[in-house]
Amino acid sequence: MKIENPNPIQWRFAERAEQLQSSFIREILKITQRPEIISFAGGLPSPATFPVEEMKTAFDKVLSNNGKVALQYGPTDGYLPLRQWIADSLSSTGSTIAPEQVLMTSGSQQALDLLGKVLIDEGSKVLVETPSYLGALQAFSVYRPEFVSVDTDDEGLVPSSVNPVAEGARLLYALPNFQNPTGRSLSVARRVELVETCARHGLPLIEDDPYGALSYSGEPYPKMINMNPDGVIYMGSFSKVLTPGIRLGYVVAPMPLVRRLELAKQAADLHTSQLTQMVVHEVIKDGFLDRHIPSIRSLYGNQCQAMLSALEEHFPAGVTWTKPEGGMFIWVTLPKHIDAMQLLDEAIANKVAFVPGAPFYANTPDTHTLRLSFVTVPPERIREGIAILGKLIAAKM
């Protein structure tokens with residue numbers, strides 16, 4: 001029975017809910033769903049890389065052979081054979097990762113949220129790159145930290161810039177491999193210096209590594225967690241090497257921290273899908289990724305080169321861009337008088353989309369920067385879209 005004439009509810013939201021902001025990228029994606037738009041906006045992996053048949057076979061096998069376990073509640077820390085696989089893949093000579101250090105999460109975005117929940121109080125100092133991954137800024141912002149921007153240059157994060165701001169900081173968040181949004185990577189020397197600097201200050205270092213396997217040459221960078229397993233928190237994901245739709249990530253941390261993260265996850269969602277974890281393990285356990293990832297590298301490397309060539313041909317002098325050796329992104333710096341947000345409006349009117357750079361900054365934004373993603377756009381459409389952007393930029397020079 002419906003209540004007659006109820007008083008309207010006076011919604012009283014928590015302060016943290018009042019300051020929640022939507023992801024600028026997710027909002028742009030609503031526009032870029034239109035087929036006529038050439039979209040360089042989304043950080044989406046190419047659907048051409050999704051192993052549909054392998055996933056279908058694995059689902060059938062898991063459900064046929066172990067369906068009652070797969071469809072049941074599972075442990076909070078995750079499916080042990082998959083955690084063991086991850087631990088083995090991260091272990092190196094002199095640095096053994098135990099499966100007990102691995103916590104499975106519902107995408108790496110949940111790992112960011114759990115780390116924020118466990119490590120950040122209101123007003124806590126959190127160090128981030130300039131610019132940084134928007135999803136991390138969004139996840140950490142819920143806990144109302146004081147973001148402090150750490151310097152970067154053409155080679156990525158500058159380790160020496162950590163020293164003046166490390167005192168009292170709760171964590172340093174970094175993407176060392178083919179960074180989102182810039183595509184830059186830290187050199188081996190800078191990795192060593194960064195790990196040593198954080199260790200000297202007793203500062204936890206988060207190594208977020210969703211793109212590390214996507215080196216076009218196939219040569220991986222060393223992982224910082226192996227340099228200091230007691231001080232580095234490693235984040236990984238199956239989104240870029242299998243499919244993002246399974247929402248499966250993981251965080252690897254020292255035991256005192258991983259236990260706290262597990263308790264926080266219990267309160268959040270009890271556990272990540274047991275079925276999904278078992279299926280992923282079934283797909284990857286016999287070396288599938290070693291055969292599959294090279295095809296992703298080849299596809300992305302070709303499309304990156306197509307975009308770099310198009311930028312060289314169509315963008316006017318005075319515009320610069322990064323030249324990534326892996327990953328999914330190119331970072332463009334415009335002359336200072338050109339506002340990328342205004343350029344976006346004109347670009348969309350001309351059926352091209354990108355992401356302005358400003359949202360990737362925790363503090364003072366560079367409004368004359370933008371991010372281009374090339375992995376979901378075929379080469380001929382890349383050339384067409386870059387030519388349009390080049391004309392729009394040239395008109396503002």
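These numbers come from the heavy atoms of this one structure, side chains and all, not from hydrogens, waters or symmetry mates. Throughout, numbering of the chain's residues begins at 1 and tracks the sequence.
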Using salt bridge (Lys or Arg N to Asp or Glu O under 4.0 Å) as the criterion, list what pairs up with R170, not counting sequence neighbours.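 Salt bridge (Lys or Arg N to Asp or Glu O under 4.0 Å) check on R170 returns D121.
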According to salt bridge (Lys or Arg N to Asp or Glu O under 4.0 Å), who are the partners of K285, at least two apart in sequence or on a separate chain?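 Here the qualifying residues are E282.
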Relative to each other, are the rings of Y73 and H271 parallel, tilted or perpendicular (30° and 60° limits)? perpendicular
Using 30° and 60° as the class boundaries, would you call the ring planes of F140 and F147 parallel, tilted or perpendicular? tilted
Output side-chain donor-acceptor pairs under 3.5 Å for residues 197-206, partner residues at least two apart or in another chain, one line each.
from	atom 1	to	atom 2	distance (Å)
T197	OG1	E193	O	2.7
R200	NH2	N163	OD1	3.2
H201	NE2	N163	OD1	2.9

Decide yes or no on ring-ring contact (aromatic ring centres under 6.0 Å, His included) for F374 and F329, but give the supporting numbers first. CA-CA 7 Å; F374 43 82; F329 307 107; 7.6 Å; no
Residues D339, K396: salt bridge by 4.0 Å N-O rule: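 Between K396 and D339 there is no salt bridge, as every charged N stays at least 4.0 Å from the carboxylate O atoms.
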Using a strict threshold of under 4.0 Å (side-chain N to carboxylate O), is an ion pair present between K56 and D60? no
Taking the side chain as C-beta and beyond, is there a heavy-atom pair between [X] and [Y] under 4.5 Å?
X    : Y    : result
P222 : M227 : yes
V148 : V128 : no
K61  : V279 : no
V332 : F315 : yes
D290 : F288 : no
K351 : I38  : no
Y211 : M328 : yes
D154 : R184 : yes

Check step by step if side-chain contact (heavy atoms from CB on, under 4.5 Å) holds for V158 and V150. CA-CA 7 Å; V158 180; V150 176; 5.9 Å; no
When you look at V355 and L370, which way does the side-chain contact (heavy atoms from CB on, under 4.5 Å) test go after all the steps? CA-CA 6 Å; V355 180; L370 59 93; over 6 Å; no
Quick one: does any side-chain atom of [X] pair with a main-chain N or O of [Y] as donor and acceptor, under 3.5 Å?
X    : Y    : value
R371 : A41  : yes
T369 : D366 : yes
Q84  : P99  : no
R383 : A310 : no
S108 : G236 : no
E129 : S132 : no
T130 : T152 : no
T76  : E262 : no
Y234 : Y250 : no
N350 : V352 : no

Quick check: closest heavy atoms across [X] and [Y], and the distance to 0.1 Å?
X    : Y    : result
S39  : V377 : O-CG2, 3.2 Å
A98  : A87  : C-CB, 3.8 Å
L112 : A136 : CD1-CA, 3.8 Å
M397 : P316 : CG-CG, 4.0 Å
L115 : M235 : CD1-SD, 3.9 Å
Q303 : V375 : NE2-O, 2.9 Å

Side-chain donor-acceptor distances from residues 237-249 under 3.5 Å, at least two apart:
from	atom 1	to	atom 2	distance (Å)
S237	OG	S239	N	2.9
S237	OG	S239	OG	3.2
S239	OG	R247	NH1	3.4
T243	OG1	G245	N	3.1
R247	NH1	P244	O	3.2

Please determine whether the number of non-hydrogen atoms from other residues, nucleotides or ligands lying under 6.0 Å from atom NZ of K323 exceeds 12.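 It does: K323 NZ has more than 12 such atoms within range.
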Greater than 12 external heavy atoms within 6.0 Å of E167's CD: no
[atom1] of [X] to [atom2] of [Y]: how many Å apart, nearest 0.5 Å?
X    : Y    : atom1 : atom2 : result
L114 : L261 : CG    : CG    : 6.0 Å
F59  : S64  : CZ    : OG    : 12.5 Å
E346 : I348 : CD    : CD1   : 11.0 Å

Worked verdict on Q179 versus T182 for side-chain hydrogen bond (donor to acceptor under 3.5 Å, both in side chains): CA-CA 5 Å; Q179 192 231 28; T182 65; 2.6 Å; yes
Please step through side-chain contact (heavy atoms from CB on, under 4.5 Å) for the pair F360 and L137, ending with a clear verdict. CA-CA 8 Å; F360 295 98; L137 299 179; 5.6 Å; no
Carefully, step by step, assess V251 and I233 under the rule side-chain contact (heavy atoms from CB on, under 4.5 Å). CA-CA 7 Å; V251 58; I233 303 155; 3.6 Å; yes
With no hydrogens and no angle check, do the side chains of [X] and [Y] hold a donor and an acceptor under 3.5 Å apart?
X    : Y    : value
Q277 : S273 : no
D113 : Y143 : yes
S95  : N226 : yes
D208 : Y133 : no

Can T367 and K336 be said to form a side-chain hydrogen bond (donor to acceptor under 3.5 Å, both in side chains), step by step? CA-CA 8 Å; T367 58; K336 289 186 181 295; over 6 Å; no
Give a yes or no on whether W85 and I97 share a hydrophobic cluster (residues Ile, Leu, Val, Met, Phe, Trp, Tyr; joining criterion: side-chain heavy atoms under 4.5 Å apart).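 Yes; tracing contacts between hydrophobic side chains, which count when under 4.5 Å, links both residues.
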Shared ILVMFWY cluster between L80 and L275, side chains joined below 4.5 angstrom?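 Result: no, two separate clusters.
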N/O donor to acceptor pairs below 3.5 angstrom from side-chain atoms of residues 292-301, sequence neighbours left out:
from	atom 1	to	atom 2	distance (Å)
H292	NE2	T49	O	2.9
S295	OG	H292	O	2.6
R297	NE	A213	O	2.8
R297	NE	S215	O	3.3
R297	NH2	A213	O	3.2
Y300	OH	S46	N	2.9

Residues two or more places apart in sequence or in another chain: which of them pass side-chain contact (heavy atoms from CB on, under 4.5 Å) with P176? L186, R191, E207, M224
